[in-house]
Amino acid sequence: MSMYPKELERALLNVQKPGRYVGGEALSVVKDKKDVEVRFAFCFPDIYEIGMSHLGIKILYGAFNQIPYFWCERVFAPWIDMEAEMTARGVPLYALESGDPVKDFDFIGFTLQYELSYTNILNMLKLAGIPLRSADRTELFNIVVAGGPCACNPEPLADFFDLFFLGDGEEVDLEVMELYRQCKKEGASKKEFLRRAAQIEGVYVPSLYEAAYNPDGTVKSYTPKEGAPATVRKSSVKDMDGAYFPDSFPVPMIEVVHDRVSVEVLRGCIRGCRFCQAGFLYRPFREKSIETIDRQCQALCASTGYDEISLSSLSTSDYSRLNDLLDQLHTWTEDQKISLSLPSLRVDNFSPELMARVNSVRKSGLTFAPEAGSQRLRDVINKNVTQEELMRTVTVAFQEGWTRIKLYFMIGLPTETMEDVQAILELGQAVVDAFYQCKDKPKGKAVEVSLSAAAFVPKPFTPFQWFGQDSMEVLQEKQRELKGKRPPRRVSVSYHGAQTSFLEAVFARGDRRLCAVLEKAAEYGLRMDGWDECFDYAKWLEAFAACGLDPAFYANRQRNFDEVFPWDHLDYGVTKEFLMEECKRAYAAQTTPNCREKCSGCGASCFKGGICVGGR
């Protein structure tokens, strides 16, 4: 590690997990700088263990680095102990592969996975010594970009980023880097580069749009300038078999959250659960062929040495030929003692046949997500799962030897009553009863049922984007209802904080005026807000007050159907009219069939891919 200054070496002696900061992992990509024309710092705005578990970073890292003259390196947010050491010793934020400071890179790219990571982004730019505001970075250098699910409403970050990638990044990111390389050769200005980038499908340049507001604080309009398109449509990969997928990735030297090979089997979702942003953002539903998945699994196991494969997607059990896929993978995984896991099983297509094929799902526990306790509320959110199906599924699980079941729910869903909250506990009790009524249950073992309740956050591009989040008081009352009464025997209950969910709702549906709040929060030293030990709600309220903004205006206000949203000039294929209809159906507790049963005309067929054109 000769490139690391002595100061950094001393810092590493004083931190809890130096393995997060040293790089040098097997299969990381190191290039000769003289052969490289464009350098990209891929910044994950959270700690190493979370970032190294993320599939998106692995795909883009491989895609960028296969081009000889591009070099993509990884950067993670330092934990508070390392940040203190770096600040005290004058060590700037640096990339793991070369050890070079982030401010030496052409592109500084962030992935937007979670609203509460926004302060980490500003903190990382500060640690890198890079001006926060895009307007203060005038050269064709240090181009700050972002993609990921939260880019669907990038407005609360608009002042800090030069451009956002909407939708699938594999192809559009490379196109923008090629354009940058061209502009650099021509000696073009940053302004000219951004003007030209705005013409590429899937690229949003916020500085080319003027936001105007009504007297009541709602958005009046977004006006494009300098030839920027009136609406920006997301980029969508049509053919998943032809899309880039890595055959290796850096193997971490310390334990990370998902320490295994992860292979994407499909993109999108057929289901249309009305609370689920990813289900709408990633439409249309597109599958890979069995041959492609098999080849990618073999390549990654051979290169990385991992002995566990996770078949990853929003709903893997919806893969149309799942049993055939598992049979194919078994032709070599059993001999090599490689285990398979399906991270997203649905209640309504869980079967003994499926479990028999997933040879090594450990008997430690199974997780399902009914999302709501009562059937009425499950119909409101279009979950399309009945209590009978859940009971049948847990009975199968008990017969197959499982004794621990975890059920995920949300509280604060539209139209929810206290009866719906109580129904969560009743459902937990029904699962315990099903265990004791099961004739073939494991002998000598007790059942454990854990119920986990997250507060519902209304998100853009969902049928619930008009809905006001429950106030903090109401959410806390519902949490007390869950915890206050003694839960049934063998049932444990946990829930997530209402304060963090409130902030998540503010930034999920916020507009450009929130940039000032984020800047103030960064000034106050707020970061790592997703971690309990760092979250400071009082300081956040101070930041809103200092900027004269009321967070409840963004989180708790019910929106009218004719209101202009801060993301209305961005197009993810699903039409606002369709979402409006789905919202009305939700209030009438009417369900909508999934994409395989019947096309509901959501608009995603405009991408001419996947299930919308009769393909998988």
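Keep in mind that the numbers below use all heavy atoms, side chains included, and drop hydrogens, waters and symmetry copies.
- With sequence neighbours excluded, the residues that form a salt bridge (Lys or Arg N to Asp or Glu O under 4.0 Å) with D511 are R513.
- Side-chain N/O atoms of D571 and T231 include no donor and acceptor closer than 3.5 Å.
- With salt bridges taken as basic N to acidic carboxylate O contacts below 4.0 Å, one links D168 and R286.
- Side chains of Q465 and W567: a donor-acceptor N/O pair is present below 3.5 angstrom, by distance only.
- Checking D259 against Y306 by side-chain atom types alone, a donor-acceptor pair falls below 3.5 Å.
- With ring centers used as reference points, F275 lies 6.0 Å or more from F456.
- Residues F350 and F368 bring their aromatic ring centres within 6.0 Å.
- The side-chain hydrogen bond (donor to acceptor under 3.5 Å, both in side chains) pairs that include a residue from residues 49-59 are K17-E49, R20-E49, H54-Q113, where partners are two or more places apart or lie in different chains.
- Between E371 and R271, no side-chain nitrogen of the basic residue sits less than 4.0 Å from a carboxylate oxygen of the acidic one, so the salt-bridge criterion is not met.
- Looking only at atom types and distance, the side chain of D324 has no donor-acceptor partner in the side chain of Q328 under 3.5 Å away.
- Checked against salt bridge (Lys or Arg N to Asp or Glu O under 4.0 Å), D32 has the following partners two or more places apart in sequence or in another chain: K34.
- Relative ring orientation between Y204 and Y209 is described as tilted, the plane-to-plane angle lying within the 30° to 60° band.
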Take D106 and R39, measure what side-chain contact (heavy atoms from CB on, under 4.5 Å) needs, and give me the verdict at the end.
-> CA-CA 5 Å; D106 297 284; R39 298 186 71 184; 3.8 Å; yes
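- A cation-pi arrangement is found for R74 relative to Y61, the charged atom lying closer than 6.0 Å to the ring centre and inside a 45° cone about the ring normal.
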Please step through salt bridge (Lys or Arg N to Asp or Glu O under 4.0 Å) for the pair E563 and R509, ending with a clear verdict.
-> CA-CA 13 Å; E563 181 171 329; R509 296 193 301 169; over 6 Å; no
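- Between T111 and P45, some side-chain heavy-atom pair lies under the 4.5 Å cut-off.
- Tested against Y69 for a side-chain hydrogen bond (donor to acceptor under 3.5 Å, both in side chains), the candidates R181, K31, E37 yield a single pass: R181.
- The side-chain heavy atoms of S313 and Y319, taken from C-beta on, include no pair separated by under 4.5 Å.
- Sparse packing is recorded around NZ of K598, with 12 or fewer heavy atoms of other residues, nucleotides or ligands lying under 6.0 Å away.
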Could you go step by step and tell me if F565 and W466 meet the ring pair (Phe, Tyr, Trp, His ring centres under 6.0 Å) rule?
-> CA-CA 9 Å; F565 287 136; W466 290 275; 5.7 Å; yes
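- D241 and T292 are linked by a side-chain donor-acceptor pair at a separation below 3.5 angstrom, with hydrogens and angles left out of the test.
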